[in-house]
**Student:** 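The structure is given below, and queries will be raised subsequently.
Predicted, not measured: the structure shown is a model, and the values here were computed from it.
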Amino acid sequence: MTSSDQQAGDAGQADEPAPHAWAGPEEDAEAAPAAARPTLPVPPPEDTVVVPADEDPVSAAASELIGGAPGRHALLGVSWWTAARVLAVITVVVWALGMIQKVPCYDSGWFYGASAQYDHACYSDIPHLFSLRGFNLPGNIPYVDKIPNPTDPTMQYLEYPVLTGLFVWGAAQLTPMGGAEVYREQIFYLVNAGMLMVCAVVAVVALSRTHRRRPWDALLFALAPVLALDGTINWDMLAVALAAVGMALWARRYPVWAGVLIGLATAAKLYPVFLLGPLLVLCLRAGRMREFGQAFAGAAVAWLLVDIPFMVANFSGWATFYTFSESRGVDFGSFWLILTQNNWLNVDTNTVNTIVAILLIVCCLGIGWLALAARRRPRFAQLAFLVIAAFTLTNKVYSPQYVLWLLPLAVLARPRWRDFLVWQACEVLYFLGVWYYLAYGASGDQKGLPPDWYHASIAVHILGTLYLVVIIVRDILSPASDPVRADGSDDPSGGVLDGAADVFTLTGVKVQAPPQRPSGATSYAVGSSSLDG
């Protein structure tokens with residue numbers, strides 16, 4: 001393996017086009033014969049690895065703590081300690097730190113005192129829902145059996161998608177039947193935390209294998225503060241892991257299996273279904289609709305295989321997730337809460353649902369236009385981040401763990417520590433803001449964060465996400481600023497899209513695939529069979 005300072009010499013041969021030499025007047029590109037149309041630069045050989053300390057100023061500065069960046073002849077990834085294994089260990093350590101942060105709640109905060117779990121910012125849904133959703137009862141099957149003695153009379157069945165319900169039910173089967181209820185809730189939390197930690201490890205390994213030449217970008221995921229803080233609030237990490245594996249399989253050119261994993265992820269949380277939108281417009285632009293159809297079919301079949309048995313067994317129980325989502329009012333974390341609590345907006349839930357749907361559709365149409373009109377086809381991860389960001393920003397609720405949905409997408413879309421840490425700082429501030437706001441309401445002396453300051457923390461979260469959105473849109477419009485494409489790579493997470501020629505654009509400018517691969521090496525751009533290995 002070689003570091004990226006060698007790659008520049010391998011890739012920058014004199015007879016190759018400059019990375020952005022193809023960009024020219026639209027009418028000239030359209031009028032040119034096919035062989036003369038703008039061509040993508042040829043990327044470096046596949047067996048080279050990008051070392052973050054060579055190209056990222058923040059990473060380079062941090063590397064001084066361990067002796068500096070790897071040298072030209074460093075042997076990276078040739079021992080037992082491969083990138084994936086190192087990243088898995090780091091993820092486990094960060095996850096353990098997150099569990100330590102929950103110790104005040106584990107010992108007492110979840111069970112004694114109205115506001116202790118908020119004062120220590122260690123709240124989790126997991127121990128509470130063990131009893132509140134009937135998982136403490138033997139033989140109680142989610143979606144089929146009603147919740148016994150529900151605190152909310154309208155909540156008769158579990159309000160999570162089916163695969164998440166089965167995941168939680170499986171954890172309940174591993175929880176001892178005997179003992180005090182508090183003890184059982186503690187064990188239930190530990191079982192779930194262990195299962196979710198496995199999901200986090202799966203996600204980081206999948207990320208390390210999505211951008212084949214950039215495995216160390218996944219360190220952003222492994223060291224993310226929100227992974228420790230939000231990982232065990234709820235069960236979102238299950239869907240995150242499944243979606244990450246789905247994207248890795250798409251990058252490896254397994255469209256059917258990629259669709260299957262996206263379908264399973266959608267059976268665990270709704271948001272992964274939106275990943276099919278970017279694939280649709282990108283495959284349309286590249287003339288790869290056959291592969292999109294395979295992915296879509298795989299997703300549909302996987303989702304149906306998980307959901308149909310419960311639809312047949314008890315349709316009302318199965319539909320609770322969807323009816324609950326529709327009837328749920330404006331809630332924590334959204335800009336809608338700022339509007340309603342300040343009496344700037346006074347509309348019913350149905351009207352909010354309609355406006356949310358319109359805003360999301362407008363955002364998706366704008367992202368679709370960007371995908372088809374940009375002079376160079378955007379990367380899959382870039383559009384995926386933009387779509388999921390639009391979903392979270394327009395939604396009527398933003399729970400703090402929703403940041404986990406965006407975490408792997410941010411790693412793939414914009415692997416730069418400075419921008420990543422700016423975004424993470426905003427999310428950590430929101431994490432603290434929501435719990436101290438709840439402490440303010442739960443404590444008799446109003447100890448905590450008053451509404452105005454909580455609204456400020458929501459604004460910080462929104463601005464942090466918008467910051468990344470703006471940076472990624474800039475990278476799409478100006479590929480020279482995209483760190484992934486700086487060495488001539490096209491779309492390492494794009495699978496069949498990587499290096500493919502355009503067949504349809506809104507501007508008429510169509511980019512061709514590279515005419516040749518580097519001598520003696522396998523190029524991503526031409527898509528050899530080794531990508532399937």
Side-chain angles (χ1 to χ4, degrees), residues 87 90-110 115-129 189-190 192-201 203-204 207 218-241 244 269 271 331-334 388-389 392 397-411 417 419-440 448-449 453-454 456-465 467-468:
L87 291 165
I90 293 173
T91 300
V92 171
V93 171
V94 171
W95 194 268
L97 292 174
M99 294 184 66
I100 292 172
Q101 188 264 337
K102 300 292 189 293
V103 166
C105 280
Y106 183 86
D107 287 342
S108 61
W110 290 328
S115 65
Q117 59 188 336
Y118 307 135
D119 293 337
H120 293 92
C122 55
Y123 174 85
S124 172
D125 287 326
I126 293 172
H128 296 300
L129 296 185
Y189 169 78
L190 292 178
N192 277 279
M195 293 168 63
L196 292 170
M197 182 184 70
V198 172
C199 293
V201 171
V204 79
L207 284 173
L219 191 61
L220 293 160
F221 180 95
L223 291 176
V226 298
L227 184 66
L229 296 175
D230 299 308
T232 59
I233 291 179
N234 203 281
W235 294 276
D236 297 68
M237 189 54 66
L238 171 62
V240 170
K269 277 287 180 183
Y271 85 90
D331 215 331
F332 298 116
S334 68
I388 304 304
T392 60
V397 58
Y398 181 82
S399 298
Q401 72 272 12
Y402 289 4
V403 66
L404 298 174
W405 304 355
L406 290 168
L407 187 56
L409 304 178
V411 170
W417 277 99
D419 302 320
F420 185 80
L421 291 175
V422 168
W423 174 56
Q424 287 289 285
C426 294
E427 292 294 336
V428 170
L429 284 173
Y430 174 71
F431 173 87
L432 297 173
V434 67
W435 304 131
Y436 291 146
Y437 170 69
L438 288 170
Y440 179 85
L449 207 63
W453 283 102
Y454 175 54
S457 73
I458 295 175
V460 167
H461 136 67
I462 292 173
L463 290 173
T465 303
Y467 170 78
L468 266 191

**Student:** What's the separation between atom OG in Ser457 and atom OH in Tyr436, rounded to the nearest 0.5 Å?
**Tutor:** 12.0 Å
**Student:** Quick one: pull up CG in Leu227 and CD in Gln424 and give me the separation to the nearest 0.5 Å.
**Tutor:** 9.0 Å
**Student:** For Leu438 and Trp435, what are the C-alpha separation, side-chain angles and deciding distance, and is it a side chain to side chain contact (heavy atoms under 4.5 Å, CB included)?
**Tutor:** CA-CA 5 Å; Leu438 288 170; Trp435 304 131; 3.6 Å; yes
**Student:** Could you go step by step and tell me if Thr232 and Asn192 meet the side chain to side chain contact (heavy atoms under 4.5 Å, CB included) rule?
**Tutor:** CA-CA 8 Å; Thr232 59; Asn192 277 279; over 6 Å; no
**Student:** Find out whether Val103 and His120 are in side-chain contact, i.e. whether some heavy atom of one side chain is under 4.5 Å from a heavy atom of the other.
**Tutor:** no
**Student:** Quick one: side-chain contact (heavy atoms from CB on, under 4.5 Å) partners of Ser124, sequence neighbours excluded?
**Tutor:** Trp110, Ile126, Pro127, Tyr189
**Student:** State which residues pass salt bridge (charged side-chain N to carboxylate O under 4.0 Å, His left out) with Asp125; sequence neighbours excluded, sorted by chain then number.
**Tutor:** none
**Student:** Working to the nearest 0.5 Å, report the span between CG of Asn234 and CG of Leu129.
**Tutor:** 7.0 Å
**Student:** Would you say the side chain of Ser399 lies within less than 4.5 Å of the side chain of Ile233, judging by non-hydrogen atoms?
**Tutor:** no
**Student:** Tyr271: what forms a ring-ring contact (aromatic ring centres under 6.0 Å, His included) with it, not counting sequence neighbours?
**Tutor:** Trp405
**Student:** Can you give me the closest heavy-atom contact between Lys269 and Ala239, atom names plus distance?
**Tutor:** CB-CB, 3.6 Å
**Student:** Describe, in one word, how the ring planes of Tyr454 and Phe332 are oriented to each other, choosing from parallel (under 30°), tilted (30 to 60°) and perpendicular (over 60°).
**Tutor:** perpendicular
**Student:** Examine distances only and state if a side-chain atom of Lys102 and a backbone atom of Ala121 form a donor-acceptor pair shorter than 3.5 Å.
**Tutor:** no
**Student:** Is any side-chain heavy atom of Val240 closer than 4.5 Å to a side-chain heavy atom of Leu407?
**Tutor:** no
**Student:** Which atom names give the shortest non-hydrogen contact between Leu404 and Asp230, and what distance separates them?
**Tutor:** CD1-O, 3.7 Å
**Student:** What is the minimum heavy-atom distance between Ala224 and Phe420, and which atoms define it?
**Tutor:** CB-CZ, 3.8 Å
**Student:** Heavy atoms, side chains only, cut-off 4.5 Å: are Trp423 and Val403 in contact?
**Tutor:** yes
**Student:** Looking at CD1 of Ile388 and OG1 of Thr465, how far apart are the two atoms once the value is rounded to the nearest 0.5 Å?
**Tutor:** 12.5 Å
**Student:** Minimum heavy-atom separation for Cys426 to Gly464, with atom names?
**Tutor:** SG-CA, 3.6 Å
**Student:** Only counting residues at least two apart or in another chain, list the ones meeting ring-ring contact (aromatic ring centres under 6.0 Å, His included) with Trp95.
**Tutor:** none
**Student:** Can Leu238 and Cys199 be said to form a side chain to side chain contact (heavy atoms under 4.5 Å, CB included), step by step?
**Tutor:** CA-CA 6 Å; Leu238 171 62; Cys199 293; 4.1 Å; yes
**Student:** I'd like to check the ring-ring contact (aromatic ring centres under 6.0 Å, His included) partners of Tyr106; sequence neighbours left out, ordered by chain and number.
**Tutor:** none
**Student:** Drop me the distance from Leu207's CG to Thr91's OG1, to the nearest 0.5 angstrom.
**Tutor:** 9.0 Å
**Student:** Evaluate side chain to side chain contact (heavy atoms under 4.5 Å, CB included) for Trp235 paired with Leu196, printing each intermediate quantity in order.
**Tutor:** CA-CA 7 Å; Trp235 294 276; Leu196 292 170; 4.2 Å; yes
**Student:** For residues Tyr467 and Asp419, is any side-chain donor paired with an opposing acceptor at under 3.5 Å?
**Tutor:** yes
**Student:** Shortest non-hydrogen contact from Ala222 to Leu87?
**Tutor:** CB-O, 4.1 Å
**Student:** Please examine the side chains of Met237 and Val198, heavy atoms only from C-beta on, and report whether any two atoms are closer than 4.5 Å.
**Tutor:** no
**Student:** Using every non-hydrogen atom in the two residues, find where His461 and Gly333 come nearest and quote the distance to one decimal.
**Tutor:** CD2-O, 3.8 Å
**Student:** Tell me if the NE2 atom of His128 is crowded by more than 12 foreign heavy atoms within 6.0 Å.
**Tutor:** yes
**Student:** With a 4.5 Å cut-off on side-chain heavy atoms, are Cys105 and Tyr123 touching?
**Tutor:** no
**Student:** Quick check: do Val434 and Tyr398 have side-chain heavy atoms less than 4.5 Å from each other?
**Tutor:** no
**Student:** Once ring-ring contact (aromatic ring centres under 6.0 Å, His included) is applied, do any residues pair with Phe221, and if so which ones, sequence neighbours excluded?
**Tutor:** none
